[in-house]
Amino acid sequence: MSLSQSQLQLAGVPRTMILTTRARADEDRRSNGLFRDRHAREWSNRLPWDEDLASFYGKSEQAGWAIRADHYDRAAQRHIAMSQHPLVVELGAGLSSRYHRLQQDNLSWINLDLPEVNAIRTQLDRETANYQFIGASALEWEWMDLLPPRPPEEIMFIAEGLLMYFEPEMVVELIARMRERFPGSTFMFDIVSVSYRRGAKKLAALGAPLHWFVKDLDEVTRMGVELVEAHSLFQLHPERWGMWRLLTWLPFVRTMTSILETKLKP
Ligand SMILES: C[S@@+](CC[C@H](N)C(=O)[O-])C[C@H]1O[C@@H](n2cnc3c(N)ncnc32)[C@H](O)[C@@H]1O
């Protein structure tokens, strides 16, 4: 059964997860898609499409969100393969169906998002002993007390499409708090640079303004993370980017949006 607009009640940043969910569903529909995802397809079918989002959703946006999801999947897969009892925590999970794409017996997983998004997830998805949902802000620190105990090297935090919506001081504080509680664990997130201002203007019109624009990677490492890997989104799967592929020799395009894998420094 479809969820109605009134059941959705999404405004501002939470509304953007309708776009990324649809991108994964459409990736599943591609014969040569980067991944299969029947959950995204099923959930996306049940979310009423929001016409105001149409101008944010074209071929390159779909490709970008699918490529980003796939890149996080691969890193999470590596983390899971290296750990005995891996724990993955997705902050600002939206309707991420990554757990279902990567599921295996020894894996524990937490999806955290704001209460209104979590309420939607609970109508579509089901918790188990190893797979739990938290309806809370990542910027209210109580969630840190709710994680099952694990040595830091077994924990991977994912913030896909999240931190750019936070004020820079809040990103600094989030990282400081995470370092204090989970030093040595992996934290993977994506960033946008100042050259992404045009996209940011459109998002602001939707009520989802971006606040954290990264000048350079030193700005990130100064917050107390060790950089393990950094990839420009436009340089992943170049065959999917059309004209953007040609533009990535321009540094301001290449650095517009990147995905970073880091370790939280003790
Ligand atoms: C662009 S969506 C990305 C969703 C998901 N990570 C994905 O890639 O499909 C941003 C998500 O961040 C969530 N969000 C915004 N502010 C948050 C906060 N303070 N704490 C937790 N989640 C938040 C929104 O509700 C939304 O689901």
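Keep in mind that the numbers below use all heavy atoms, side chains included, and drop hydrogens, waters and symmetry copies. One-based numbering, in listed order, for ligands and for the atoms of each.
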- prompt: Can you check whether Ile259's main-chain N or O pairs, donor with acceptor, with Asp190's side chain at less than 3.5 Å?
  reply: no
- request: Examine Ser96 against ligand 1 and note whether any of their N/O atoms are separated by less than 3.5 Å.
  value: no
Numbering as shown, the atoms of ligand 1 that approach Ser137 to under 4.0 Å (heavy-atom distance): 18 (C), 19 (N), 20 (N)
- prompt: Can you list the steps and then say if Leu87 with Trp109 is a side-chain contact (heavy atoms from CB on, under 4.5 Å)?
  reply: CA-CA 6 Å; Leu87 169 66; Trp109 199 283; 5.9 Å; no
- request: Kindly work out whether a path of hydrophobic side-chain contacts (I/L/V/M/F/W/Y, heavy atoms less than 4.5 Å apart) joins Leu246 to Val253.
  value: no
field: For atom 26 (C) of ligand 1, the option (of Asp113, Val117, Leu163) bearing the nearest heavy atom
entry: Asp113
task: Determine yes or no for a side-chain-to-main-chain donor-acceptor pair under 3.5 angstrom, with Gln62 supplying the side chain and Ala23 the backbone.
output: yes
- prompt: Is it the side chain, the backbone, both or neither of Ala93 that has a heavy atom closer than 4.0 Å to ligand 1?
  reply: backbone
- request: Evaluate whether atom NZ of Lys202 has more than 12 neighbouring non-hydrogen atoms of other residues, nucleotides or ligands under 6.0 angstrom away.
  value: yes
message: Which residue and atom name correspond to the protein heavy atom nearest atom 23 (C) of ligand 1, and how close is it?
response: Leu162 CD1, 3.5 Å
query: Which heavy atom of the protein is the closest neighbour of atom 10 (C) of ligand 1, given with residue, atom name and distance?
result: Gly161 O, 3.4 Å
- prompt: Going by distance only, is there an N or O of Arg24 that falls short of 3.5 Å from an N or O of ligand 1?
  reply: yes
message: Tell me whether Arg36 contacts the main-chain N or O of Asp28 through its side chain, where contact means a donor paired with an acceptor under 3.5 Å.
response: yes
- request: Run down the list Ala138, Ala69, Pro115, Gly92 and name the one with the heavy atom closest to atom 4 (C) of ligand 1.
  value: Gly92
Atoms in ligand 1 with a heavy atom of Arg68 nearer than 4.0 Å: 8 (O)
field: atom 15 (C) of ligand 1: nearest protein contact (heavy atom, Å)
entry: Val13 CG1, 3.6 Å
- request: Enumerate the residue pairs fulfilling ring-ring contact (aromatic ring centres under 6.0 Å, His included) with a member in residues 202-222, sequence neighbours excluded, ordered by first and then second residue.
  value: none
- prompt: So which protein heavy atom does atom 3 (C) of ligand 1 come closest to, and at what separation?
  reply: Glu160 O, 3.6 Å
query: Aromatic ring centroids of His100 and Tyr131 under 6.0 Å?
result: yes
- request: For atom 18 (C) of ligand 1, grab the closest protein heavy atom and report residue, atom and distance to one decimal in Å.
  value: Leu114 CD2, 3.6 Å
Flag, side chain of Ser44 to backbone of Arg41, donor-acceptor distance under 3.5 Å: no
field: For ligand 1, the portion of Trp65 having any non-hydrogen atom under 4.0 Å away
entry: neither
- request: Considering the heavy atoms of Pro14, write down every atom of ligand 1 situated less than 4.0 Å from one of them.
  value: 24 (C), 25 (O), 26 (C)
task: Could you say whether the N/O atoms of Thr16 and ligand 1 ever approach to under 3.5 Å?
output: no
- prompt: According to the ring-ring contact (aromatic ring centres under 6.0 Å, His included) rule, which pairs have a member within residues 175-210, sequence neighbours left out?
  reply: Phe157-Phe182, Phe187-Phe189
